[in-house]
Amino acid sequence: MQSWNRQLLRFLTVLLLTMEVSAGGGNYTPTKLLNPLETTLPKELWPLMMEEPKVIFRVKVQPDGQILDAVAVEATHFGLLEKAEKKILEARFEPALLNGQPTIGKITVTITFYDPEQRAWKRGFGGFPQGGNPSDAVERRIFEMNPDQFRYAECQPNELDQPLQIVESKFFLIHPPDEPPRKGKVLVKYLIDHDGHVHMPDILKSDDEFLTLSVLKTLEETRFAPPRRNGKPALVAVRQPFNFD
């Protein structure tokens, strides 16, 4: 039997209750991004001459303005992900308000990239950035012929090269002290990023709030093998039922 942890319960209850805040109810003011996010294109991608390269994140922000969860949901090229995931940590937010009080909020954040050589050329400094050798030209042609091959975007489990595989997990069954575990079902959807981490769990249906908290905590401690689609990093959308019998 899992010991009762009141601090955990309070935290997860707040998390659960705020999942539906943006859907309506009360006087709600959305989260705001306070600083635009832009960074240099990774040098290995300069030869591709990408137009408006970017990574789009879905972010959950705590009442104190700090990031609670963030996941890249779209990228022009999967090679942008590593740098973007570091850059998102620099984001600063004004928290959402519910009836005038800070609360958890969700926001979409875009990180844009630029080629410093191209920017310098456009501003009149230096010659045109041609990028250098036959290998660069080949990479550019391959990218231009099929840019979607390199794009990072959401997919379904049946599109993956291999079935999802759990590599780390810890099961939680939360219930009040001196009471037996609850029984019932919970349906949850969540995202698995290219490293196999779980993000943005959203409860679609639940028979019991304690079972809901059990599922959320279990997913927090779960990691999958990095998913791949056509040999490339993938973001996977999952709908999973949990049965507590």
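Counting from 1, the numbers follow the sequence of the chain as shown. When reading the values below, keep in mind they use all heavy atoms of this one structure, side chains included, and skip hydrogens, waters and symmetry mates.
With rounding to the nearest 0.5 angstrom, the CZ atom of Arg239 is 10.0 Å from the CG atom of Asp202. The distance from atom NE2 of His77 to atom CG of Leu41, rounded to the nearest 0.5 Å, is 9.5 Å. In this structure, CG on Leu97 lies 9.0 Å from NZ on Lys32, to the nearest 0.5 angstrom. Note that OG of Ser206 is 6.0 Å distant from CG of Leu211, once rounded to the nearest 0.5 Å. Note: Asp207 CG to Lys185 NZ = 8.0 Å, rounded to the nearest 0.5 Å. The structure places CD1 of Ile174 at 5.5 Å from CG of Leu213, a figure rounded to the nearest 0.5 Å.
Seen from the ring of Phe172, Lys217 counts as a face-on cation partner, given the 6.0 Å and 45° thresholds.
Phe150 and Trp46 fall within a single hydrophobic cluster, where Ile, Leu, Val, Met, Phe, Trp and Tyr side chains are chained together by heavy-atom contacts under 4.5 Å. Cluster membership check: Ile111 shares its hydrophobic cluster with Met200, using side-chain heavy-atom separations under 4.5 Å among Ile, Leu, Val, Met, Phe, Trp and Tyr. Ile67 and Leu34 are not part of a single hydrophobic cluster, where members link through side-chain heavy atoms under 4.5 Å apart. In the hydrophobic cluster analysis, where Ile, Leu, Val, Met, Phe, Trp and Tyr join through side-chain heavy atoms closer than 4.5 angstrom, Phe113 is grouped together with Leu37. In this structure, Val238 is not a member of the same hydrophobic cluster as Leu204, with clusters built from ILVMFWY side-chain heavy atoms closer than 4.5 Å.
With a 6.0 Å radius and a threshold of 12 heavy atoms from other residues, nucleotides or ligands, Glu52 has its CD atom at or below the threshold.
Residues Pro53 and Leu80 form a side-chain contact, since some pair of their non-hydrogen atoms from C-beta on lies under 4.5 Å apart. Contact annotation: the side chain of Phe143 never approaches that of Arg141 to less than 4.5 Å [non-hydrogen atoms, C-beta and beyond]. A 4.5 Å side-chain heavy-atom check between Glu168 and Thr222 finds every atom pair outside the cut-off. In this structure, Lys205 and Val186 have side chains that are not in contact, with every pair of non-hydrogen atoms separated by 4.5 Å or more. Side-chain contact check for Ile104 versus Val61: every heavy-atom pair is 4.5 Å or farther apart. Side-chain atoms of Leu160 and Cys155, non-hydrogen and from C-beta on, do get closer than 4.5 Å to each other. At least one side-chain heavy atom of Leu173 sits under 4.5 Å from a side-chain heavy atom of Phe244. The shortest distance between side-chain heavy atoms of Phe93 and Val59 falls below 4.5 Å.
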Practice task
Start with the C-alpha gap between Leu219 and Tyr190, add the side-chain angles, then the distance that decides, and say whether side chain to side chain contact (heavy atoms under 4.5 Å, CB included) holds.
Solution key: CA-CA 9 Å; Leu219 289 176; Tyr190 54 90; 3.8 Å; yes
Checklist line | His175/Phe210 under ring pair (Phe, Tyr, Trp, His ring centres under 6.0 Å): CA gap, chis, key distance, verdict | finding: CA-CA 6 Å; His175 56 90; Phe210 292 102; 8.3 Å; no
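Ion pairing between Glu90 and Lys87 holds under the 4.0 Å rule for side-chain N and carboxylate O. Looking at Arg151 and Glu74, a side-chain N of the basic residue comes within less than 4.0 Å of a carboxylate O on the acidic one, giving a salt bridge.
Applying the side chain to side chain contact (heavy atoms under 4.5 Å, CB included) criterion to Thr110, with sequence neighbours excluded, gives Lys54, Ile56, Thr112. With sequence neighbours excluded, the residues satisfying side chain to side chain donor-acceptor pair (under 3.5 Å) with Glu159 are Arg229.
Listed for the Thr103 side chain is no donor-acceptor partner under 3.5 Å among the backbone atoms of Leu98. Without hydrogens or angle criteria, Asp195 side chain to His197 main chain gives no donor-acceptor distance under 3.5 Å. With hydrogens and angles disregarded, no donor-acceptor distance shorter than 3.5 Å links the side chain of Asp69 to the backbone of His199. A donor-acceptor pair under 3.5 Å is absent between the side-chain atoms of Asp193 and the main chain of Leu235, judged by distance alone. A donor-acceptor pair is defined here as one N or O able to donate and one able to accept, closer than 3.5 Å; such a pair exists between the side chain of Arg228 and the backbone of His194.
Using modelled atom types and a 3.5 Å distance limit, the side chains of Thr40 and Lys83 yield a donor-acceptor pair.
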